[in-house]
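Read the structure below first, then the notes.
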Amino acid sequence: MTVTFATDRRLWLINTPTFGYAARIDADLGVRHVHWGAPISLVTARALAEAAPGSAGGSFEQGPGVAELPVEGGDRFGPAGLIVRFADGARAVEWEYREHEIGEDELAIRLADRFYPLEIVLHYRARGGALERWTSVTNTGAEPITVLRCDSAAWTVPHRPDYRLSHLVGAWNSEFRLRRERLPVAETVLTSRRGITSHHANPWLAVDDGTAGEEHGEVWSAALACSGSWRVTVHRDPGGHTGWTGGTGHEGLVSRLEPGGSRETPIFAGVYTPDGFGAASRAWHDYLRAAVLPYPGESRPVLYNSWEATGFDVDESGQLALAAKAQELGAELFVLDDGWFGARTSDRAGLGDWHPDPRRFPRGLAPLADEVRRLGMRFGLWVEPEMVNPDSDLYREHPDWVLHEPHRRRTEMRHQLVLDLARPEVRDRTHAWLDQLVGELRLDYLKWDCNRPLTEAPDDAYEGQARAVHQIMDRLRADHPGLRIESCAGGGGRADLGILARTDQVWTSDNTDPVDRIAIQHGFAQLFPAQVMSAWVTDSPNVATGRVTPLRFRFHVAMAGVLGLGGDLTAWTPEELAEAARLVARYKIIRPVVQHGSAYRLTGEGALTGVHYVRGDDHVVLAWCPARPFGHSPGPLPLTAVEAGAEYRNLDTGATHSGEELLRRGLPLDLPAGDHASALVRLRRS
Ligand code: DGJ
């Protein structure tokens, strides 16, 4: 990547093969936004920097231009990304340029207040096709500064006649629902006040002018590396300015920056593409692989987990029976879920007492782990380290170790309270038992769960808890290099760029109904690649929805991510077990393409949708048609990621198709009749 720097006008241009970004020093704004979009020349950047940015004028209006991190003060009335109160109560900030530094792929611009002891550094780093931005703030004085907001970055998109916002909403069991709606002329707040990333919103968004499609049109997109509370304020003003500012914490949280103290925000990464939402997602997937995931080159194993089949009813003999069946089907990792420890026979007790329950595992967990390994599988365990049931030895011993406020009720959710990880003794003990457990059992895998949001938490905890979780994970991983971690928070409540820098996959949702999963996976994959999207095949009827679906359909939906098995295998018929074994084997064949390829979302007629993964000359298409209206037969599914002049051979039937046919008419699908039809097609470009 090339960073071009113009000293004459204090203008910085960051050009990469996929995007250009420019900002300049401005006497009023500190650093003013100039350009975010296609790569541009320095000459163009200079011209854009000199052009007076729009302002309606008049004494009621804000001054021209938009800052790279807006502050309060002067004629600025938009949402501020940095809000402070100095010791004497003053709130306005007036920046002066101090210096900048350019590294190989990084630019840092330092500003200081003209009078008060406040400095910031705006960081820009081009990595993996994205622009990473973050901010450091320092109190250079002798008195504390109150910080009401300290965002990672503010982003501005170019003027367009209209704008549309894409974002993710949801709830437990229905995470990652993609919303794409006209951006109102207003401030739109996307946020989590829960101290976890949340099921309800995700710190990812995309903006286009209302005309972009899957494979065409300009898209500007950003995602925060925040696993605690966060807030992104998208601002479209009547004058045409559109952008957003975002970072950790929700509204109303206040913190102190002590004299000499510094703080660095998490990364807010941005991606630009002229080629539609599909290209934006592929850019995000490439970025995660290049700059976020700990082991992007690894393939994630097929796992078995009995949670949905057995709930808390786990014991050594039952798990051994399931392990034997799972191995026969081709599982490569066996995970023992909730219920193995303390008095954990339901969600009412035991959390915090992390020793195997002798009634269920009289010989401890080692014999199960050994047998799982003897069967050729890796062994993993479920843990929920941040939590405690009041009905537990840990809580009886240390009732003060949870987040709580004097004179206030301790809010229980799922009968549990949250351990205060800001207390060193709590953090150390949490790390110590995890370290011991992973070490003694040589655990290959932790499913790290978190089943409630924070309540009664001090302001700092809404970010601090998540940071402590990151730190414990980092330490465990450093000390146990073979350990892999799945991020889970009652399903997909903790999926973000921050957690994915120290976990290997995400439990996408507790909802394993394949029809619901198509929508959940569609939203999840806007930002995250298939290699982190855990997807289990479970029993039918589905426990959450009661829907009855064929095994093949359940597999074909789950095969679009990291395939897992989550059904009660002891109740599957010999025919089902044989079909499942065939489909697991087939998944292993397509896995390199699914987990490491580029993803193209497909839409056919009616309810027919699919996803097409491409890796080199290898192509895999998974297509799903949940419902078929009378008289309708879902037609061929048009592909987008093929070359018109090339030829493609179906590796299973031997049939060949020209690229032109696949583009214009579509891929013929051999869909069984009726609802819940699906197909898996493997093609090779010849
Ligand atoms: C919530 C998770 O999402 C489930 O998969 C399961 O692990 C339960 N917690 C266990 O309590």
Side-chain angles (χ1 to χ4, degrees), residues 170-176 194 196-200 202 227 303-315 318-319 322 326 333-354 356-357 360 379-389 391-392 412-418 434 437 443 445-453 469 484-495 499 503-513 516-517 520-521 524 532-539 542-545 558 561-568:
W172 173 72
N173 254 1
S174 62
E175 302 88 332
F176 308 110
R194 293 168 152 82
I196 56 170
T197 323
S198 100
H199 304 76
H200 303 78
N202 190 273
S227 310
L303 69 75
Y304 178 79
N305 178 312
S306 80
W307 169 251
E308 209 175 295
T310 59
F312 293 96
D313 196 8
V314 290
D315 60 21
Q319 292 293 300
L322 286 164
L333 165 66
F334 184 86
V335 181
L336 172 57
D337 210 284
D338 202 348
W340 58 267
F341 53 91
R344 187 75 171 168
T345 51
S346 76
D347 59 11
R348 292 179 170 270
L351 265 186
D353 301 337
W354 297 103
D357 174 1
R360 292 151 176 253
F379 183 64
L381 262 194
W382 178 95
V383 291
E384 193 174 2
E386 302 144 74
M387 302 292 167
V388 65
N389 284 122
D391 185 0
S392 67
E412 290 183 26
M413 298 173 86
R414 209 194 189 208
H415 315 289
Q416 62 196 58
L417 297 166
V418 184
L434 279 163
L437 189 71
L443 290 181
Y445 193 85
L446 284 177
K447 177 178 175 185
W448 185 306
D449 206 347
C450 167
N451 279 296
R452 57 156 293 171
V469 169
R484 301 292 176 263
I485 305 180
E486 177 173 37
S487 173
C488 172
R494 191 151 61 191
I499 203 74
T503 55
D504 303 279
Q505 59 194 77
V506 173
W507 179 225
T508 318
S509 177
D510 277 345
N511 185 342
T512 59
D513 177 305
D516 284 10
R517 266 299 179 114
I520 292 170
Q521 295 182 178
F524 185 87
V532 305
M533 185 171 76
S534 301
W536 303 348
V537 173
T538 55
D539 296 336
N542 183 271
V543 287
T545 63
V562 179
L563 178 68
L565 303 166
D568 180 2

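For ligands, and for the atoms within them, numbers begin at 1 and follow the listed sequence. Position 1 is the first residue of the sequence; numbering continues from there.
In this structure, the protein non-hydrogen atom closest to atom 9 (N) of ligand 1 is D449 OD2, 2.6 Å. What sits closest to atom 7 (O) of ligand 1 on the protein, heavy atoms only, is D337 OD1, 2.7 Å. From the protein, the heavy atom lying nearest to atom 3 (O) of ligand 1 is D510 OD1, 2.4 Å.
With a 4.5 Å cut-off on side-chain heavy atoms, F176 and I520 count as touching. Y445 has its side chain within reach of E486: a pair of non-hydrogen atoms, C-beta onward, lies under 4.5 Å apart. Side-chain contact check for E384 versus Q416: some heavy-atom pair is nearer than 4.5 Å.
Every atom of ligand 1 with a heavy atom of W507 under 4.0 Å away is listed here by number and element: 3 (O), 5 (O). Listed by number with element, the atoms of ligand 1 under 4.0 Å from a non-hydrogen atom of G491 are 3 (O). The distance from ligand 1 to the heavy atoms of C488 drops below 4.0 Å at these ligand atoms: 2 (C), 3 (O). The distance from ligand 1 to the heavy atoms of K447 drops below 4.0 Å at these ligand atoms: 4 (C), 5 (O), 6 (C), 7 (O). Every atom of ligand 1 is numbered from 1 in the order shown, and the set under 4.0 Å from a heavy atom of D338 is 10 (C), 11 (O).
Residue R344 is tested with D337, D313, D391, D338 for a salt bridge (charged side-chain N to carboxylate O under 4.0 Å, His left out); the sole match is D338. For the pairing with T545, the side chain to side chain donor-acceptor pair (under 3.5 Å) check across D516, N511, D513, T512 returns one residue only, D513.
Ligand 1 lies out of reach of E486, whose nearest heavy atom is not under 4.0 Å from it.
A donor atom on one side chain and an acceptor atom on the other are found under 3.5 Å apart for N451 and D449. Checked by atom type, the side-chain pair T508/Q521 shows no donor-acceptor distance below 3.5 Å.
By the 3.5 Å distance cut-off applied to N or O atoms, R344 is not counted among the residues near ligand 1. Every N/O-N/O distance between W536 and ligand 1 stays at or above 3.5 Å.
The proximity of N451 to ligand 1, defined as any non-hydrogen pair under 4.0 Å, is limited to the side chain.
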Decide side chain to side chain contact (heavy atoms under 4.5 Å, CB included) for R494 and T503; before the verdict, give the C-alpha distance in whole Å, the side-chain angles of both, and the deciding distance to 0.1 Å.
CA-CA 11 Å; R494 191 151 61 191; T503 55; over 6 Å; no
